2 protein chains.
Amino acid sequence: MHAAERERRIFEALRPTGFVSYRDLEVLLDASPATIRRDLTRLEESGQIVRIHGGAKLPEGDDASGPRLMGTSFDQNITQNLGAKQAIGKAAAALCQPGEGVMIDGGTTTLQMCPHLDGLGLQVLTNSLHIVNALLPQAGTRILLPSGAVFREQNIILAPAGEESMPRFHAPRLFMGAAAIGPQGAMQADPVLVAAERRLIDRAEEVILLVDSSKFRTQSGTIVCGLDEIDIVITDTGITPEMAKALQDAGVKLVVV
Amino acid sequence: MHAAERERRIFEALRPTGFVSYRDLEVLLDASPATIRRDLTRLEESGQIVRIHGGAKLPEGDDASGPRLMGTSFDQNITQNLGAKQAIGKAAAALCQPGEGVMIDGGTTTLQMCPHLDGLGLQVLTNSLHIVNALLPQAGTRILLPSGAVFREQNIILAPAGEESMPRFHAPRLFMGAAAIGPQGAMQADPVLVAAERRLIDRAEEVILLVDSSKFRTQSGTIVCGLDEIDIVITDTGITPEMAKALQDAGVKLVVV
DNA sequence: TCATATTTGATCGCTATTGATCGTTTCGAA
DNA sequence: TTCGAAACGATCAATAGCGATCAAATATGA
């Protein structure tokens, strides 16, 4: 293995949490301890990482450590396909008109919209506490919440069945995630999510689905809505031509980033 | 686990209430007692925390006492009179019956109830995102939120005027903070807080006010409610006999911790 | 092909970090 | 006020990580 390849792997390991232990690298690089140390020393001298006893971390400032709420599966999902999700989030944010009101469903992909919403002066209605935390530092973004009980597994706010939980609200756009998408439509693993999302869908003019391409290769539980209810799908280049055609045949506008 | 990760977790645990117990850290860090102590000692020497018997707290804000209107941030207030607030919070939590539903108003004193609510199986309705964060790790506590917009200065959820924002909810007890208390009643500095608290008061059987004794020496803006609407006041030993008598003459039960 | 330069691996002594075990101190409840 | 449990600090041994040096492997160029 070459030095360049090792460096690439080091950064790859570093990105999710901003830290790699020496032990991890020993397995990951399959190189001798001496070589690993030399790599780290070199990267530190060029200022790209900071070495600490037992490993290395990214320099302060550009670490991607976002809001960490709890040690749930959410934290694991958040780093999966992170690059694709970031690109999808950015594309989705570009669809927002300054000053308008939008709804954002909870999810690791929709979460990646938040950094790009700053300065747009939006009104965001969301049921996700993760998204609330991400938007809190943005002084110009107004955050609206529905009433209800906090559902810890997903960190979202769930209204009791049949209860009116949202202030009268209607939005031109709903940004939604999904556990899977196929010819039947968008799907979620947890049925309680379905009920929450149905309520959002009913209040939106336009439904925009944010899914990285791995979601096209998954089957998951309960159908949230058919393709006919989805207006736009934003995904990454991993989508197969067949899927793309199926979506377009169903009248869905497809955005590939 | 490495030192950097442990430090991160310590601050994460410290953020909600400004205090972590040694016991909590033992579970949270999964390290030996000696290592935890060393971490705390190191952080104290660098001035980032203050160690106290049984745990650690955030350093005090600059002005340790005296009247403060608005302007100082929540994070600074959190550490002021922390010891008194913790004791008051503990006493307040002892008033909760297992399994019942209660309302907790936002504030740095009411926040200190949260560590003592674990295991009671309460249903907590709150408008404060700080309290939500403090309660999230407690699996047995059900968290209910009203709908509305997030008001950043206090990190609470405000309903639009006249809007029905809470699920039908009625509670035996409301735990409330205040910026000041005097013969006229409880006062808040910010008028928008008054409106929010009035709404909570109307839904409670019993109103319990949590104020450290410095609040008796302060005058602040807008009256929230008269003494006749307050059932119990919990405060610390700094209260003067005259004030104590005035409260009891007004029919308020006084708890001094 | 051979000589040289670069990179990698191995070994050594040294230091830092951790965990265990004392005796002592502090806090809270009776 | 007294007593017991919990928290504390100090010390020591074990381990893991560190840097330096040298040998081996690989790449480079005449």
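Predicted model only: the values in this text are computed from it and were never measured.
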Please determine, by modelled atom types, if B:Gln188 and B:Glu197 share a side-chain donor-acceptor pair under 3.5 angstrom.
->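 Yes.
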Indicate the atoms forming the closest heavy-atom contact of A:Leu210 with A:Gly89, along with that distance.
->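 Smallest heavy-atom distance, with atoms named: CD2-CA, 4.5 Å.
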Might you point out which heavy atoms bring B:His2 and A:Gly54 nearest each other, and give the distance in Å?
->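 The pair with the smallest heavy-atom distance is NE2-O, 3.6 Å.
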Carboxylate-amine/guanidinium proximity below 4.0 Å for B:Glu242 and B:Lys245 =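 Not counted as a salt bridge, because no side-chain N and carboxylate O are separated by less than 4.0 Å.
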Would A:Asp39 and A:Arg42 pass as an ion pair if we require N to O under 4.0 Å?
->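 Yes.
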Heavy-atom check, side chain of B:Arg8 versus side chain of A:Phe19, under 4.5 Å =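 When only atoms from C-beta onward are counted, A:Phe19 and B:Arg8 do not touch, as no gap falls below 4.5 Å.
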[atom1] of [X] versus [atom2] of [N]: gap in Å, rounded?
{"X": "A:Tyr22", "N": "D:dC18", "atom1": "OH", "atom2": "C1'", "value": "9 Å"}
{"X": "B:Glu44", "N": "D:dC8", "atom1": "CD", "atom2": "C1'", "value": "13 Å"}
{"X": "A:Glu26", "N": "D:dG17", "atom1": "CD", "atom2": "P", "value": "7 Å"}
{"X": "B:Arg37", "N": "D:dC8", "atom1": "CZ", "atom2": "P", "value": "5 Å"}
{"X": "B:Arg51", "N": "C:dC27", "atom1": "CZ", "atom2": "P", "value": "13 Å"}

Describe the nucleic acid contact of B:Ile52 in one word from base, sugar-phosphate, nothing, applying a heavy-atom distance below 4.0 Å.
->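 Contact class for B:Ile52: sugar-phosphate only.
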For A:Arg23, which contact category applies under a 4.0 Å heavy-atom criterion: base, sugar-phosphate, or nothing?
->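 Sugar-phosphate contact only.
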Angle of first-five versus last-five pair axes in the helix from C:dT1-D:dA30 to C:dA30-D:dT1, to 10 degrees =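 Overall, the helix from C:dT1-D:dA30 to C:dA30-D:dT1 bends by 40° from one end axis to the other.
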Measure from the side-chain N and O atoms of A:Glu7 to the backbone N and O of A:Leu43, and report whether any donor-acceptor pair falls under 3.5 Å.
->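 Flag not set: sc A:Glu7 to bb A:Leu43 has no pair under 3.5 Å.
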Give the B/S/- string for nucleotides 13-20 of chain C, one per nucleotide from 5' to 3', where a protein heavy atom under 4.0 Å of the base yields B, of only the sugar-phosphate yields S, and otherwise -.
-> ---SSBBB
N/O donor-acceptor pairs under 3.5 Å from side chains in residues 225-234 of chain B, not counting sequence neighbours:
unit_1	atom_1	unit_2	atom_2	d
B:Glu229	OE1	B:Arg198	NH1	3.1
B:Glu229	OE2	B:Arg198	NH2	3.1
B:Asp231	OD2	B:Val207	N	2.8

